[in-house]
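This chain uses plain numbering: 1 for the first residue, then up along the sequence.
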Amino acid sequence: MLEREEGRGTDLDAAERPCDGCGMCLLGERRLSRVKSATSSPERQRENVLTAAASVGAHIIGWADDWEVSGATDPVTRPSLGPWLRDERGPYDGLAAAAVDRLGRNVVDCLNTGCKMRDEKKMLVTYGHDGVWNLDDPADENRFTMEAWARRWNCGRSSAGTVTPPSRPVPPAVRRASRRTASGTCGR
């Protein structure tokens with residue numbers, strides 16, 4: 001039986017298969033601090049990871065499922081993801097996650113994981129981002145950082161996957177900086 005995610009037309013079964021050496025074999029990363037019987041988050045994260053992988057022509061070869069693991073835990077020390085990041089598991093060509101903020105609770109953890117993938121020439125894909133993250137590209141690096149930073153500011157995600165406004169006011173210096181960036185006066 002083929003499982004299709006409604007509205008996306010993604011064949012989720014085809015996006016999940018063993019490593020075949022094609023260069024598009026990704027590890028699926030899922031994390032949840034608290035697993036409750038009423039939550040649909042594990043299934044939603046699975047669908048989002050599979051959709052992200054399929055969108056770049058990749059497939060998931062295995063899952064690093066860290067359930068009941070705080071986002072404050074360094075990704076390298078997580079029970080399931082850590083051994084992959086430390087190269088203690090089999091080969092893989094990159095990492096797929098439901099969102100940047102699933103990689104870590106803070107910007108440093110997200111960037112460390114993203115930069116590790118970049119430095120090792122591995123792919124990094126997340127649901128809601130078109131294509132593979134290219135952290136050598138300033139625009140992609142800034143977007144990746146902002147998505148990680150939004151989590152730090154306790155921003156939520158709407159059901160559409162877009163970042164909602166912060167629950168507390170944005171400091172004036174940040175507002176000024178974002179106006180400069182948006183107008184194109186701030187650059188490298």
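Between E29 and R78 there is a salt bridge, with a side-chain nitrogen of the basic residue lying less than 4.0 Å from a carboxylate oxygen of the acidic one.
The line from CG of L135 to OG1 of T145 is 7.5 Å long, rounded to the nearest 0.5 Å. For the atom pair CE (M117) and CG (L85), the distance works out to 5.0 Å, reported to the nearest 0.5 Å. A distance of 8.5 Å separates CG of D119 from CG of D136, quoted to the nearest 0.5 Å. A distance of 6.0 Å separates CG in L50 from CD1 in I60, rounded to the nearest 0.5 Å.
R30 has its side chain within reach of W67: a pair of non-hydrogen atoms, C-beta onward, lies under 4.5 Å apart. Within the 4.5 Å cutoff, the side chain of N112 has no heavy atoms near those of the P75 side chain. With a 4.5 Å cut-off on side-chain heavy atoms, R46 and W63 count as touching.
Here the shortest heavy-atom pairing between H59 and C19 reads NE2-CA, 4.5 Å. Of all the heavy atoms in L103 and A97, the pair that sits closest is CD2-CB, 4.0 Å. Considering all non-hydrogen atoms of both residues, C110 and G104 come closest at SG-O, 3.4 Å. Between V35 and E68, the closest heavy-atom pair is N-OE2, 2.8 Å. When all heavy atoms of L26 and L95 are compared, the closest pair comes out as CD2-N, 4.0 Å. Among all heavy-atom pairs drawn from C22 and C25, the shortest one is SG-SG, 3.9 Å.
Criterion: ILVMFWY side-chain heavy atoms under 4.5 Å apart, direct or through other members. Under it, V69 and V100 are not part of a common hydrophobic cluster. Hydrophobic clustering (side-chain heavy atoms under 4.5 Å, transitive across Ile, Leu, Val, Met, Phe, Trp, Tyr) groups W133 together with M146.
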- Message: What verdict does the side-chain contact (heavy atoms from CB on, under 4.5 Å) test give for V132 and K122, after you've listed the backbone C-alpha separation in whole Å, the side-chain angles of each residue and the deciding distance to 0.1 Å?
- Response: CA-CA 10 Å; V132 176; K122 292 184 178 181; over 6 Å; no
- Worked verdict on F144 versus H129 for side-chain contact (heavy atoms from CB on, under 4.5 Å): CA-CA 9 Å; F144 186 87; H129 180 264; over 6 Å; no
- For M123 and M24, run side-chain contact (heavy atoms from CB on, under 4.5 Å): C-alpha distance rounded to whole Å, both residues' side-chain angles, the deciding distance at 0.1 Å, then the answer. CA-CA 8 Å; M123 292 185 290; M24 303 295 278; 3.8 Å; yes
- Query: Stepwise, does the side-chain contact (heavy atoms from CB on, under 4.5 Å) test hold for L124 with R118?
  - Reply: CA-CA 8 Å; L124 178 60; R118 178 201 62 203; over 6 Å; no
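Formation of a donor-acceptor pair under 3.5 Å by the R102 side chain with backbone atoms of R31 is found in this model. The closest donor-acceptor contact from the side chain of D140 to the backbone of N134 lies under 3.5 Å. Checking side-chain atoms of T51 against main-chain N and O of N48 turns up no donor-acceptor pair under 3.5 Å. Between the side chain of D66 and the backbone N or O of L81 there is at least one donor-acceptor pair closer than 3.5 Å.
More than 12 heavy-atom neighbours from other residues, nucleotides or ligands sit within 6.0 angstrom of CG on D87.
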